[in-house]
Each structure stands twice: as C-alpha cells, then as structure tokens.
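Shown next, in structure tokens, is the structure this report addresses.
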Amino acid sequence: MIKEIMLPDLGEGIDSATISEVLIGTGEQVKKDDVLLVLESDKASMEIPSDYDGKIVEVFIEEGGDVAIGDPLFKIETQNQSEEVQKEDVEKPKESKVESQKETDSKVKPKSELKIARVGDGVFASPGVRRLARELGINLGIIKGTGAKGRTTKEDLHNYIRNKMNESSGVPRLPRKPIDFSKWGDIEYQKLTKVNKITGNRLQESWQNIPHVTQYNKANITELNKYREVLKKEAEKSGKKVTFLPFLMKASMLVLKKMVRFNSSLDENEENLIIKKYYHIGVAVDTPSGLVVPCVRDVDQKTIVELSEELLDISQRARDKRLKPEELKGSTFTISSLGGIGGTNFAPIVNPPEVAILGVSKSEWQPVFDKDRKEFVPRFIMPFSLSYDHRVVDGASGAAFVEKLSQTLESVELFKE
Ligand code: CAO
C-alpha cells in the first residue's frame, strides 16, 4: 500500500524548518524507527523517523530546502497492512516517542529533549552526534555513553575515534596481494633494514595523524656565507669543517625562543600544549642503513664551532651505528638538510611528538634586484621550507616563522660570539 509521509507538527510554535540531511533515497528499504531526515529550525535540531517498514518510492524534498507542517516528504510502499500505523502516528516526530511509547499526543517534546533523541537503535544521542557517527560509519550502539542518563556525547565519540586511531596507528593497513614484477623485466630483491622499517612506520604514522602544512621561503645568506668561510678556514687548520647546518640550528633556536608553540608537543589527550623551555634540535642524517635523527642538546648554550664539532661527531657515529639510544630522543624541533646534495624545495614530514620541521635545500647564486642601486646584484640564496602540525600552529604563525627565520639568517652579527 502506498502512503505519503508528511511533516508532522513540530511543536514549540515551530511552523517550518530547514532540511539539513535527507538520509534515504528512492528505492531504499526502511524499517520502522529508521531516521529519514534531519531538520534544523532556529530552536532545535530534530530527526524524523519512519513509522513504517517499507520501500521509499518517491522523495519530495532536498537538503537545504525548507518544509512546513503538512508538507509531503516521502511516498512509501508499506510492506503489510498489519505493520502500518495510523496516520496520526506517522505525523509524530520521533522525539515525541522518546520518553514513552504510550504517549498519544502528537506534539513534539521541548527543545532540550528534542536534541537528545533515542531512536530505534536504543542509543541516547543528539542529532549532531548521530550525524557525525553516520558520516564516519560508526555504530553508536558500541560506544558507552557517559552523559546524563547514559547519553552518548560528542566527547564519547571523539574518545572512541582517538582510541581506535591509537590502536591501529592510523588507518589500518590492508594485506597486499603479491605482484610478480618479473613478468615485465629483470628484478632483484633488496631487504629493508631495521632502520628503514622503524623510520617508515614513524613517517607513516606522522603523515596519517598530523595535518601537515608546508610553508616555503628563502634567505639571502650572502653575508652569512662570507662569515662561514672565515670560520671554515680557521676550523680546517685543525681538520674540522663548518657547514651551514650549525647556523640553521642557531637561527631556528632564536626563532623558537620567540615563537614558543613551535617548540611544543600536544599532551596525550590533546588537551594541552607542552611548551618546552629547552632547545634540543634533531638532525636528519642519511646513513647506509637509512635515515637516523640524532639530537643535539641545548643548542642555545653552544657556539657555532661547538655545534659544528658535535654535528661532525654525531653524524659520523650515526653512519657507524654507534649512537646511544638516548641520543635519538628528546628533540624539540628537527632540521632535514638536503642542501649538500641538491634540489630546489621539498616538504619534510614532521617528526612526532614535535610539531614542526625545517627542510633546507641547496643555496645558489641568483640575480636579485637592488632597489637602491636599481640593478641586479648577485646574492647567495638559500631556499627552505617549514612543515608544521596545523592543529598546533596556524597558517599566519607558519608564515611569520619562516619570515623571522629568513631575517635571522640575514643578520650575521647574531652568530658572532
Ligand atoms: N646550500 C649550499 N651548500 C650546502 C648547503 C646548502 N643549503 N648545505 C650544505 N652545503 C654544503 C656544505 O657547506 C658542504 O660544502 P663545503 O664543504 O664547501 O662546506 C657540502 O654541502 C656538504 O655538506 P654536508 O652535507 O657534508 O654537511 P651538512 O652539515 O650540511 O649536513 C648532514 C650534515 C649529516 C645533515 C648531511 O650529511 C646529511 O646526512 N644530509 C641528509 C639529510 C637527509 O637525508 N634528510 C632527508 C630526511 S627525509 O628523508
């Protein structure tokens, strides 16, 4: 039998509402108590359930549209007569059934009750929480509600998602079917090292769990390069070297001191930021076994020459696999420098639990227009990028950080001890 479902009396003097979601389409089967649509009025948000088992044969409404009491919503082909209810019942929104099935009044409950409807699944939750759960494909029935009278709150849903993410370190990886690449040509197998696997897992976790943004910039390091040449010549006398990396560490530290959120971590509940008052900088080192990130501690208390010596020491020991586990922990910010190799720009991946990482590319001589001299002059330009966790740092701060870093690298006197 074909029946028309119309918008019931919504109570509270609400004559019309806006359709925020239509959950059922033509041809779909519905069961009694399944939510058909979600409405928003200026007073409340409410779900309209079906009072029939049956198949939807026509949909008269669409999301974003307005509906008034008595407007036709759906045409439904009911399954059998015995399951059908009287028309007055059909016109009752779900909330009027929440507290008692005995209720015969077709008026809708007050706003507060409307907002925490219990529908056919026996779950007590607001339409907003239900909507979010539906969008994420989560069955609310399996989440224990901690709100009043066992209501499932938004926080319960968030905690559930967070726990699931932690259990699986992000999106679970599906088993992959083997592919016979030798069908198309010669191949050889190369075993992944332990370092490759550990680093790979960490990078994947970071990429999946941290919303990354990368901000690019460049610095005119012509003066800095001149000063580095002086230090380098001096250091060479004792068989040492001074590269750009110690300057980048020092410059980063000076900006981190001013922009403290970049030197922080989110706590385990993601409720607080833990701002660190020490400046331990992780340095990505390319080794034959894979990428390793040892940490140089207290960068604010060391000179450029001291940092150079320490870098030489830890990068050599990283390559020889002689680092102690402690030396790989505790960094507050990381630098990945590919400047000695090449490339123009890249987007590094944040090294958790840190919130930002600096990527440095190869500096090159470039013609830069000098406004005062009204001519192009050669300048040594270093391109760099900053990837950051967008939950902690907003775009404006990201742009300010790279700008400050550029100014710092251009102020050579800051590096002279
Ligand atoms: N622009 C121009 N030249 C640069 C430069 C830059 N941005 N950075 C380094 N150089 C120069 C150095 O000054 C040096 O030249 P000189 O001998 O004339 O001084 C030369 O390139 C080689 O430097 P280096 O790479 O040996 O030393 P470093 O301090 O810059 O870097 C280390 C040390 C350990 C970071 C580096 O050896 C390394 O392993 N880099 C790879 C890091 C990496 O893999 N990152 C990716 C992580 S994500 O996969």
Side-chain angles (χ1 to χ4, degrees), residues 192-193 195-207 212 214 216-236 239-252 281-296 299 302 304-323 327-328 331 333-352 354 356-366 378-387 405-406 409-410 415:
L192 287 181
T193 63
V195 173
N196 290 151
K197 288 187 199 164
I198 295 170
T199 312
N201 283 337
R202 279 182 61 83
L203 290 170
Q204 187 177 34
E205 189 188 328
S206 170
W207 189 247
H212 279 72
T214 303
Y216 298 89
N217 204 6
K218 53 189 187 249
N220 170 3
I221 58 159
T222 314
E223 291 305 312
L224 189 79
N225 189 37
K226 273 189 207 156
Y227 179 56
R228 181 189 78 98
E229 290 292 344
V230 174
L231 291 187
K232 191 179 149 194
K233 280 210 175 74
E234 198 55 37
E236 274 167 0
K240 294 176 187 145
K241 65 175 192 173
V242 177
T243 64
F244 293 105
L245 203 43
F247 293 95
L248 288 158
M249 293 165 77
K250 200 115 196 131
S252 301
I281 297 201
V283 178
V285 179
D286 181 31
T287 79
S289 339
L291 176 67
V292 180
V293 187
C295 163
V296 176
V299 169
K302 293 173 181 165
I304 293 290
V305 174
E306 283 168 340
L307 289 172
S308 297
E309 286 170 358
E310 196 168 334
L311 264 174
L312 204 62
D313 170 50
I314 55 162
S315 56
Q316 194 51 55
R317 284 192 296 115
R319 290 182 180 116
D320 299 343
K321 297 191 194 167
R322 284 190 294 114
L323 285 175
E327 291 177 294
L328 296 163
S331 52
F333 181 85
T334 290
I335 301 179
S336 173
S337 172
L338 293 174
I341 305 169
T344 49
N345 270 306
F346 69 105
I349 298 178
V350 171
N351 182 22
E354 297 160 27
I357 180 168
L358 183 72
V360 184
S361 297
K362 193 174 176 64
S363 317
E364 274 175 339
W365 286 99
Q366 288 176 14
R379 293 284 178 255
F380 202 44
I381 304 294
M382 176 182 276
F384 63 87
S385 53
L386 180 88
S387 293
L405 189 63
S406 183
L409 289 165
E410 289 172 15
F415 302 93

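In each ligand, atom 1 is the first atom listed, and ligand 1 is the first ligand listed. These values consider heavy atoms only, across backbone and side chains, with no hydrogens, waters or symmetry-generated copies. The chain is numbered in sequence order, starting from 1.
Residue contact check: A284 has heavy atoms under 4.0 Å from atoms 35 (C), 42 (C), 45 (N), 47 (C) of ligand 1. Each of the following atoms of ligand 1 lies closer than 4.0 Å to a heavy atom of S363: 1 (N), 2 (C), 6 (C), 7 (N). With ligand atoms numbered from 1 in the order given, ligand 1 contributes 47 (C), 48 (S), 49 (O) to contacts under 4.0 Å with heavy atoms of L291. Applying the 4.0 Å criterion to heavy atoms of M382 picks out, from ligand 1, the atoms 7 (N). Contact atoms of ligand 1 toward S337: 40 (N), 41 (C), 42 (C) (distance under 4.0 Å to a heavy atom of the residue).
Ligand 1 lies nowhere less than 4.0 angstrom from a heavy atom belonging to Q316. Within the 4.0 Å heavy-atom shell around ligand 1 one does not find E364.
Closest to atom 7 (N) of ligand 1 by heavy atom, among S308, P383, S361, S336, is S361. Across the listed options G290, G339, G342, G339 owns the non-hydrogen atom lying nearest to atom 6 (C) of ligand 1.
In this structure, the protein non-hydrogen atom closest to atom 26 (O) of ligand 1 is K241 NZ, 2.9 Å. With hydrogens left out, the protein atom closest to atom 44 (O) of ligand 1 is D286 CB, 3.6 Å, a heavy atom. Counting only heavy atoms of the protein, atom 22 (C) of ligand 1 lies nearest to G340 CA, 4.1 Å. Summary of contacts: the protein heavy atom closest to atom 27 (O) of ligand 1 is T243 CG2, 3.6 Å. The protein atom (non-hydrogen) at minimum distance from atom 18 (O) of ligand 1 is K232 NZ, 3.2 Å. In this structure, the protein non-hydrogen atom closest to atom 33 (C) of ligand 1 is L245 CD2, 3.9 Å.
Defined by atom type and a distance below 3.5 Å, a donor-acceptor pair is present between the side-chain atoms of T193 and N196.
Looking at N220, T222, L248, L224 one by one, the single match for side-chain contact (heavy atoms from CB on, under 4.5 Å) with M382 turns out to be L248.
Checked for salt-bridge contact, K240 and E309 meet the test: a charged N lies under 4.0 Å from a carboxylate O. Electrostatic pairing of E236 and K233 does not count as a salt bridge here, judged by no charged N lying under 4.0 Å from a carboxylate O.
The proximity of L338 to ligand 1, defined as any non-hydrogen pair under 4.0 Å, is limited to the side chain. Residue contacts with ligand 1, taken as heavy atom pairs separated by less than 4.0 Å, involve S315 solely via side-chain atoms from C-beta onward. Contacts between V360 and ligand 1, counted as non-hydrogen atom pairs separated by less than 4.0 Å, involve the side chain only. With a 4.0 Å heavy-atom cut-off, ligand 1 is reached by the side chain of R228 but not by its N, CA, C or O. At a 4.0 Å heavy-atom cut-off, ligand 1 touches R319 through the side chain alone.
At a 3.5 angstrom cut-off on N or O pairs, K362 does not count as close to ligand 1.
In this structure, the side chains of I281 and T334 stay at 4.5 Å or more apart for every pair of heavy atoms.
Annotation for K218: atom NZ does not count as buried by contact number, only 12 or fewer foreign heavy atoms lying within 6.0 Å.
Within a 4.0 Å radius of atom 15 (O) of ligand 1, the protein has no heavy atom.
Classification of the W365-F380 ring pair by plane angle, with boundaries at 30° and 60°, yields tilted.
Between the side chain of H212 and the main chain of W207, no donor-acceptor pair closer than 3.5 Å is present.
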